[in-house]
Amino acid sequence: MLVNIGFGNMVNNSRVIAVVNPDTAPIKRLIQDAKDAGRAIDVTCGKRTKSVILTDSDHVILSALQCETLAGRLAGKEEKNKKAEQGRLVIISGPSGSGKSSVLKELFKMTDYKYSVSATTRKARKGETDGVNYYFITKDEFSEKVSNGEMLEYFEYAGNFYGTLKAPVEKMLGEGHTAVLEIEVNGAANVKKIYPGAVMIFLSPPTCGELEKRLRGRKTETEEAIKNRLEAAKKEIERVYEYDYLVLNGPDMQQNAAYNIKRIVDSDQKTEEESAVTPQKAKKFIENYYL
Ligand code: 5GP
């Protein structure tokens, strides 16, 4: 039986001798010896090694999945609460007004990624279409969906509820598509718990001045809503550390930002990617944001 050991890499179950934790001294030595002898196979895709698979052919495989996850898969059990990931799941967050929709419009022109249409209790803005931008529903309808377990995640943002519908996302991933969720930071963190392999991208204007200019420029919000969104943005920016990648969207840079997202998703090789979030980069971004 073939078992997915991360990012679609498969191993033959019958050849696995043990799945061990990478953090003990003997295993570290074993990994080093295997690397030196060319017997190490790294399938972490640049993520942290969370388990090491020892095989009967003396190959040592480094995986980004937890030992328990792998042990469960090898024993034929899918882990509880976590879904088998066939297509890629991409989460894009960033302050409201960061130009996410224009960037995504460009992204969908250049890819066949699928957009997950969220449900919201917010009123439709001018130019928005029900079922395309959002499913615009009432608070009662929203609560009913939550109690029926139809939401993958949901959150109250600036006085309105927003939520990702579970069924369409599962369908897209089941059919092997790349599904894109454009959601705020709390919802994103919740989805990541369910889909640990999700690629998390933070999209933001370079500065808060730029964000304010955009929020005012689109003339869709009241003064109070603009203030709410700028306040919310401050908290969101601080959570850039939780993301794998940071993409900046300056004036007239939508196409470039979309291209960066495509490159990131298509490769997801964090170690080699210039947009990968490191603590230093995140710190610098936050400092620059308030300039
Ligand atoms: P807006 O009102 O500007 O369309 O969206 C406000 C915020 O809600 C944005 O940060 C957007 O990413 C987020 N959002 C949109 N859909 C969802 C969703 O389904 N779940 C969560 N948690 N946030 C969402």
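First listed ligand is number 1; within each ligand, the first listed atom is number 1.
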Practice task
Answer whether the closest heavy-atom distance between the side chains of L62 and I41 falls below 4.5 Å.
Solution key: no

Problem - pair E242-V185: side-chain heavy atoms closer than 4.5 Å - result: no

Considering the heavy atoms of [X], write down every atom of ligand 1 situated less than 4.0 Å from one of them.
X    : answer
R122 : 1 (P), 2 (O), 4 (O)
E182 : 11 (C), 12 (O), 14 (N), 15 (C), 16 (N), 17 (C)
F155 : 22 (N)
G94  : 10 (O)
S96  : 3 (O)

Exercise for the section: Indicate whether the side chain of T138 and that of D140 have a donor and an acceptor atom separated by less than 3.5 Å. Expected result: no

Practice task
State, without any angle test, whether S93 and Y243 hold a side-chain donor-acceptor pair at a distance under 3.5 Å.
Solution key: yes

Does atom [atom1] of [X] have more than 12 heavy-atom neighbours, drawn from other residues, nucleotides or ligands, at distances under 6.0 Å?
X    : atom1 : answer
E224 : CD    : no
D56  : CG    : yes
F285 : CZ    : yes

Starting from [atom], locate the nearest protein heavy atom and write down its residue, its atom name and how far away it is, to 0.1 Å.
atom                    : value
atom 2 (O) of ligand 1  : Y162 OH, 2.5 Å
atom 20 (N) of ligand 1 : E153 OE2, 2.7 Å
atom 13 (C) of ligand 1 : E184 N, 3.6 Å
atom 16 (N) of ligand 1 : S118 OG, 3.1 Å

[X] versus ligand 1: do any nitrogen or oxygen atoms come within less than 3.5 Å of each other?
X    : value
Y154 : no
Y134 : yes
K100 : yes

Handout entry: Pair E231 + K235: basic N to acidic O under 4.0 Å
Key = no

Fill in the blank from the handout: So for R125 against ligand 1, with non-hydrogen atoms under 4.0 Å, the contacting part is side chain

Practice task
May I ask whether S101 has any heavy atom positioned less than 4.0 angstrom from an atom of ligand 1?
Solution key: no

Exercise for the section: Please check if the side chain of T121 supplies one atom and the backbone of F161 the other of a donor-acceptor pair under 3.5 Å. Expected result: yes

